[in-house]
Structures are given as structure tokens and as C-alpha cells.
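Convention: sequence-line order gives letters A, B, ...; per-chain numbering from 1. None of these values were measured; they are calculated from a predicted model.
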There are 4 protein chains.
Amino acid sequence: MSRGVKKKAVTAKSPGRPRSDEAHQRILEAAYELMSQIGFNELTMEAIAARAEVGKPTIYRRWSSKAHLVMDAFLAAVNPELTFPDSGSITESIRLQMQQLVKVLLSPPGQIIAVLIGGGQTDAELIEAFRENWLIPRRKAASEVFKKGVECGELRADVNVEVAIDALYSPLFYRLLLKHAPLTQDFVDELVDIVMKGLAV
Amino acid sequence: MSRGVKKKAVTAKSPGRPRSDEAHQRILEAAYELMSQIGFNELTMEAIAARAEVGKPTIYRRWSSKAHLVMDAFLAAVNPELTFPDSGSITESIRLQMQQLVKVLLSPPGQIIAVLIGGGQTDAELIEAFRENWLIPRRKAASEVFKKGVECGELRADVNVEVAIDALYSPLFYRLLLKHAPLTQDFVDELVDIVMKGLAV
Amino acid sequence: MSRGVKKKAVTAKSPGRPRSDEAHQRILEAAYELMSQIGFNELTMEAIAARAEVGKPTIYRRWSSKAHLVMDAFLAAVNPELTFPDSGSITESIRLQMQQLVKVLLSPPGQIIAVLIGGGQTDAELIEAFRENWLIPRRKAASEVFKKGVECGELRADVNVEVAIDALYSPLFYRLLLKHAPLTQDFVDELVDIVMKGLAV
Amino acid sequence: MSRGVKKKAVTAKSPGRPRSDEAHQRILEAAYELMSQIGFNELTMEAIAARAEVGKPTIYRRWSSKAHLVMDAFLAAVNPELTFPDSGSITESIRLQMQQLVKVLLSPPGQIIAVLIGGGQTDAELIEAFRENWLIPRRKAASEVFKKGVECGELRADVNVEVAIDALYSPLFYRLLLKHAPLTQDFVDELVDIVMKGLAV
DNA sequence: ACCTAAGCGAGACGGTACGTCAGGTCTTTCG
DNA sequence: CGAAAGACCTGACGTACCGTCTCGCTTAGGT
């Protein structure tokens, strides 16, 4: 479950005092709350330690960097997956799911997503962790839906699914990150209209 | 056309020693080189000052933040605009220009773009500077091409141009930033096939 | 005859796991070796525990402070008492014993004595342990010799023995600690000449 | 004047902002006062910095260790030299000066002397600094008095002055450091009686 | 030829946060 | 049931940069 955690093979019983689950939880919560309030750059390990009422070494024993910690805190807070509603058509199902995604991106977790992608540009481990733990599972789900669409004859069979997913979803992240235009439901509608027209049989 | 410069009304002759153009240049070069080597987060004003053989106040006198400085350094180093080759169709012209853009994104300046967007997630001024000085001028050029395509009947007239540009270009940045799949010329081809099908009359 | 040991009535068989003599020995050896190499101030309980392959509480259970532990380690390693050779006169016997003492002070244990006295300046327990367990037994032996010298008419009877011992021995420790001049056999000779002249009848 | 200072060739004018004499002074005072109140081991650089209202780097820029700082603070506080009163005889002059010295050793500066000698056992630079800046100047003064005593025929001419000074003064430091017996004026009297008898013609 | 003003490189300033070390305590499992 | 082992929390460490300031010094234009 934990990413960026240093050691602690979960194998069996080890001697010594066990790590405190309570402290672990308090750290994650403190990190998430401070992250939401003051952002990644202004976020300090000292502030997290103080708010969690924990020593700094207790944090460093578990996470090797601020990025890894924030990553874990984010994943612990956004566990419930987005689902593809079972509507009449695949296109409408995707449209509804993308509208849900936009809501998430506009909420505090969305800001954290932006910050994690941002931080990942100078931290290869971070962007990989985000990719593997958040992005790819969601892309897999979208991929399933696409294949269903192909099977039931609604979508073209000669299209690379990965490219199709990129075409649909990347504009959401693009606006999240660049902020050159607002992320609205209308935007999703227009986008789905254009891209799904290109993907339809 | 410096961005982020603090004051210095260029109006007339002011008293006192004039600012050194040579120092200005050395700072920009130092910033660009260090940026390429160690990234935005690890980049320090002290290191830039040391490499440019300049005092820190000389930097702060001209740029109010690391973000502004790096932005200027990037813009000073970046090549003249990408052009839309005059091929037979608008679609092919766009395809060729996007393939040029992919080449840029895969080169060192592309890494700096990624880092600037990344850094901008925790620095509102930086992302704004990038948007205004790099992104929007290029979007304007693309916008012109689109309008021409509409006029000559090659593209649908009922499409929001901004959304169309997002649909076409954002996947390139998405892969640049997330690295979940490679940025290839084939990718551009498939992408253009899908999206332009949705945009064609 | 451990000093500073916390509890453990040796009375009879006590319940529970018995303390490991082997661990005890390893701790003393580790403490002595590290002490010789890095000195009292830089010596840490953690390093001792690590070198002895023992947990920290195992040390704290037996010694209440670093000072007590190092003292025990020193005493366990130190040679049997210096003796006063039975020469013709008391003065010569003292001179020979002092020359032996100088040899000890110039050897590794001498450095540890210096370090213990040094550490004791900021650790009352340490200096007390050194005094009671090393210094005072040796001063008692010297005191016996003096009294014999008084009895046989070689030394003045109106002299405070403690002061006499201080006058004879303290210059050796003074040079050991201050290092303003070397500790040589010639130095002992000149010193004994001066002081014993003042002590003779 | 300053000992333990890192660089700063006093040669001529150096570029850059000059070091603040006021901060320097505040640090020395803070160090001396805290030293007197809580002792060397409990003394922390953070506490000194806080009391002097100075950043930690400002301290480390000037002194490489707590020991060096305390050394300087001590020397700044005890500048007035002990003098040899001009009494009838050399012996009495020495006795009076030693009684003054005992008073100093029993006062707070005396505790600091003990701590400095102690710290010097694991810090060669510190003991050297103490020797050169405090001990040797005072030994030189004592040496002058001795030579005068030899010239005026009160003291033996065949005695090594350094050994004589050691014989007289080292017992004071010995009792200061080992604390096996109190440092009293009576002790000085008995000591001077014994040793000066050995030194007299 | 001087004065005044603003620039220059250098480096110290008071701070904040870093990531680490060691202290001494507490809580498990093992013998 | 106590010894052993190791994580706990705390507090200080010494360092890196921050952005500002104060130096002595150019380098100009305006007297």
C-alpha cells in the first residue's frame, strides 16, 4: 500500500517496539491538510511533524522525501475510484465519467494532483509513483470501457486505445496545469463531441 | 522585452551608473545552463550568482524571483516560432507543425518546458509568465491556421477553436509530463487522424 | 566489583531470563576500545551498543551513565597497582615509583586518564568515580610510604601528607593535561630533588 | 585577539559587508552568561544564538566550535591579569599571588578554566588556545619573579624555573580538577612552605 | 574638475528549514 | 517474567539558501 516507505519487510514478527499506526495516520492527515492549505512548496516537514505531534525522524523513517509523503497522503485521501456510469451508450458513459473527473480536478485533491505532476518534473520517482498508483489504474478502467465500445460496434476497431484515451483526457490535465482556460462541463461536452466523432465507426 | 523586471523606466537618461548589459547576459546564460543541468527546484539564486560572477543583489535588482529569471532565460534561449508549413491541406500543415513541436519537446528546451510547467504548479507567477510569453503566442498562430481551415471549408465552422487546439496539442504535453508512453511521430499521426476526423466537415 | 551498576541483588536465583555475562564483557571491551580511539566526548552510547552488538537498554540496565560505563571499562583494563620499589631510601623509592607512573601516563591508558579527568569537568559522577576507584587507592599507598619515611626519621613530621603528595604528583598530571612541557624522566628527577628537599628533615 | 576565529585576514580592507562588532559582543556575552548559569555540557549553540538575538550561522562564521567560543568568551571576561604584589620577599610575593589565584579558581571563571582544560583533553586546538592565551602569559610573569629571586640571592640558581613553577602551581589546578581536597588559603600556605624550602638557597 | 546618484562585486546579516544524530523511554517478542 | 531489541519522541546539531543590508569601488551625467 505505502509508496516511498523505506524498509520494514512485513514478513513476520520482528523484535522491538512496532511502528505506531496512530503516528502514521496522524502524519498522513497532517500532510494532507497542510498541503491543501499552503501548497507543496511552502509545506515543510517541520510543520507536518509539529501538526502531527511527531518527531521529524519518525517521518523520515517512513518516507524518504516530502514528495513521497505527500503522494501517500494524497492516495490515502482519494481512494474511492471514479466509475463509468452505465448509461445508454459508451460515449455518454465516458462523458459522464469525465464530468466527474472534472469535479475532482477542481476540488482540493485536484490541486494536489497538479502539484504532484509538477513536483514530478524534477523528481523521477515521484512522477513514476503517481503514474503507477493513480494514473495507470484509471487508464486501465477507461481502456476496458473502450474495448467494450469496440466490441459492441460503437467505436472504431482500428484505433490505438492509448492514443484515444490521451486525446480524451489530456485536455483536462492541460487546462488544470496551464490554466489558460477554465475547466468547465461545457468544455467536456465540446471535447467529447469532437473526439468521439473521430473515434466513432 | 524582459519579463519580471522590477522598475527602471527607460524613459530618458537617469543619473548614476547604468546597469551592466554584460552582467545581465551572464546571469541569463548562467540561469539557463544551471536550469538544464539541475532543474528548477534544485536551482539556487546563489549558484546562479556564483556562476555569473555577479552579486546576488544584482540579480534581485532585475528579477523579483527565481521564476521570473528562469522564464526570461528560457525565452531568450528559445528558437524563433515554429511555423505552419504551407502544404496542400490545413490538416497536413498542422500535422507537420506538430511533428516539429514534438522534436522540440524531446530536446533540452522541451525538458525546460516540462520543468517550467512543473514549477508553475506551485508558483502562480511562473505559470502565468509561461502562458503569456510562450504558450499563448503559439496558440494564436494555431488559431489563425484553424480559422483559415474553416474559411476554406476544410474544417467545421461550429467548433470552438480553443477546444480544438486543446484536443490536438494537449496530448503532446501530457506525454511530456506524465511519461506514461513515448512521444513519437507515429503518435502524432494517430492523434491527428483521430482529432482531425472529428474536426473535419 | 562493578561500579555504577543499577540493581540486581545477587542473593539467590531470580526469576526471568538471566543477564548475559558475554554481553557485559562485550560492552566493556567496546567502550574501552572506542574510548581509546575517539575520546570521551565523541564517544556515544549508540556506538558502544553497535560495536558490542547489543541494544541500548541492555547498557542502560547495567550502567546509569556513559561515565560509569567508561570508568568500569577503564578499571577492568588497567594494570595492577604500581608498587613502591624497596630501595635504600624513601626518597629513592618514591622517585622510582614516580618514574613508573610517568611511563603509564605516556602510554594509552595515560591518555584515557587524561580524557577521564577531562570529561569529569562536566560530569560530577565521572570525576568522583575516577577519584574513588583509581586516585584515592593510589594516594593511600603513597601515604603509607610517607608515614614510614616520617617514622624512620627521613621526612619531616610537621608536614601535611596530603599536601606533600599533591606537591609531588600533581606536576605529572599538570603536564599530562596542559602539555606545555614534556613528561620526561629528567623532569621527575628535578621535581623530586626540589620537593623532597622541602620535605626532608 | 580572537582565538578560534575562522578566517578574516585582518590585513586591510576586504570587500563585502563587514562583520558586526555588536553581534560579536552580544554572542560573547551570551556565551559567558549561559556558561556561568548552566555549564558547558548543557550549553547549546541554539541557546546562545537565541539569547544574543543572532542567527546560528553568524556564530559558526566566527567560531568553529562551542569550545572555541567559550574560550573567547572566557578570555574577554578575565582580561585583568593577576599581579605579584611587591612585598618584602619573593616568597611572600608569590604566596600572595597564589592566594589571589586560588580566589579566581574558586569563582565562576575558575569553573570555566576547569571546563576548558577538560574540553581540551579531546580537542587539541582548544588546549593549545588555552595554553597560549591564558597559561603561558601568566607563567612568563611568574618566571620573571623567579629570576629576580635568583638574582637577589633569595632562590637557588641551579633550579629549572619551569619545574619550579610546575611544583608551585600545579597542585592548585590538581585540586581544581580532581576535587579530592579543598582549595584553601591554608593549603597554599603549606604548599608554599614545602616547595619554597626546596627552592631557597 | 568636482559632485551626486546609481550601479557594481562581495559578503555578512537574521532567519527558516533541512536531514541527521544521539539521548533516554517504551513496548514488543524471545528465552 | 525479565532480558533483549528496536522504534519511539525530543532536541540540538551544523549547513544551505533565503532575501536584505552594508561596505568600498566604479561609472556616468550634471554642474
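Neither OP1 nor OP2 of E:dC8 sits under 4.0 Å from any side-chain N or O of B:R19. At E:dA12, none of the side-chain N or O atoms of D:T58 fall inside 4.0 Å of OP1 or OP2 (strictly under the cut-off). When the side-chain nitrogen and oxygen atoms of A:R61 are compared with OP1 and OP2 of F:dC8, one or more of them lie within a distance under 4.0 Å. Look at C:R62 and you'll find a side-chain N or O under 4.0 angstrom from OP1 or OP2 of F:dA4.
Taking atom CD1 of B:I59 as the reference point, atom C1' of E:dC8 lies 13 Å away to the nearest angstrom. Rounded to whole angstrom, the span from the CG atom of B:D21 across to the P atom of F:dT27 amounts to 15 Å. Distance, D:I27 CD1 to E:dG14 C1': 11 Å, rounded to whole Å. The distance from atom CD1 of C:I38 to atom P of E:dC21 is 14 Å, rounded to the nearest whole Å. Rounded to whole Å, atom P of F:dC8 lies 14 Å from atom CD of C:E46. Between A:E53 atom CD and F:dG11 atom P there is a gap of 13 Å when expressed in whole angstrom units. In this structure, C:N41 places its CG atom 15 Å from C1' of E:dG23, rounding to the nearest Å. Atom P of nucleotide E:dT16 and atom CG of A:L43 are separated by 17 Å, given to the nearest angstrom.
Distance from the side chain of C:A23 is smallest for F:dA4 among the nucleotides E:dG23, F:dA4, E:dC18. Relative to the side chain of D:K56, the nucleotides F:dC21, F:dA3, F:dG14 differ in distance, and F:dG14 lies closest. Between F:dT10, F:dT22, E:dC26, one nucleotide has an atom nearer to the side chain of D:R17 than all others, and that is F:dT22. Distance from the side chain of C:Y60 is smallest for E:dT25 among the nucleotides F:dG19, E:dT25, F:dC9. Checking E:dG23, F:dA16, F:dA28 against every side-chain atom of D:P57, the shortest atom distance belongs to F:dA16.
No side-chain heavy atom of B:L116 sits under 4.5 Å from any side-chain heavy atom of A:Q121. With contacts defined as side-chain heavy-atom distances shorter than 4.5 Å, the pair C:I27/C:W63 qualifies. Looking at C:F74 and C:M35, their side chains never come closer than 4.5 Å, going by heavy atoms from C-beta outward. Using a 4.5 Å heavy-atom cutoff, the side chains of D:F40 and D:Q111 are not in contact.
Shown are D:R26, D:Q25, D:H24; of these, the side chain to side chain donor-acceptor pair (under 3.5 Å) with D:E22 is made only by D:R26.
Mapping D:G16 and A:T44 onto DNA chain E by nearest heavy atom places D:G16 at the nucleotide closer to the 5' end. Taking the nucleotide of DNA chain F with the nearest heavy atom to each of C:V54 and B:A47, the more 5' of the two is matched to C:V54. Nearest-nucleotide positions on DNA chain E for D:S20 and A:M45 put D:S20 closer to the 5' end.
Atom CD of B:E42 has more than 12 heavy atoms from other residues, nucleotides or ligands within 6.0 Å. Residue-environment remark: CD (B:E132) exceeds the threshold of 12 foreign heavy atoms within 6.0 Å.
Looking at heavy-atom distances under 4.0 Å, C:R26 makes no contact with the nucleic acid at all.
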Next item on the list: With pairs defined as Watson-Crick or G-U wobble and both distances under 3.5 angstrom, please note down DNA chain F as a dot-bracket string, | for pairing with another strand.
Entry: |||||||||||||||||||||||||||||||
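Every pair passing side chain to side chain donor-acceptor pair (under 3.5 Å) that includes a residue from residues 29-39 of chain C is listed here, sequence neighbours excluded: C:E33-C:R51.
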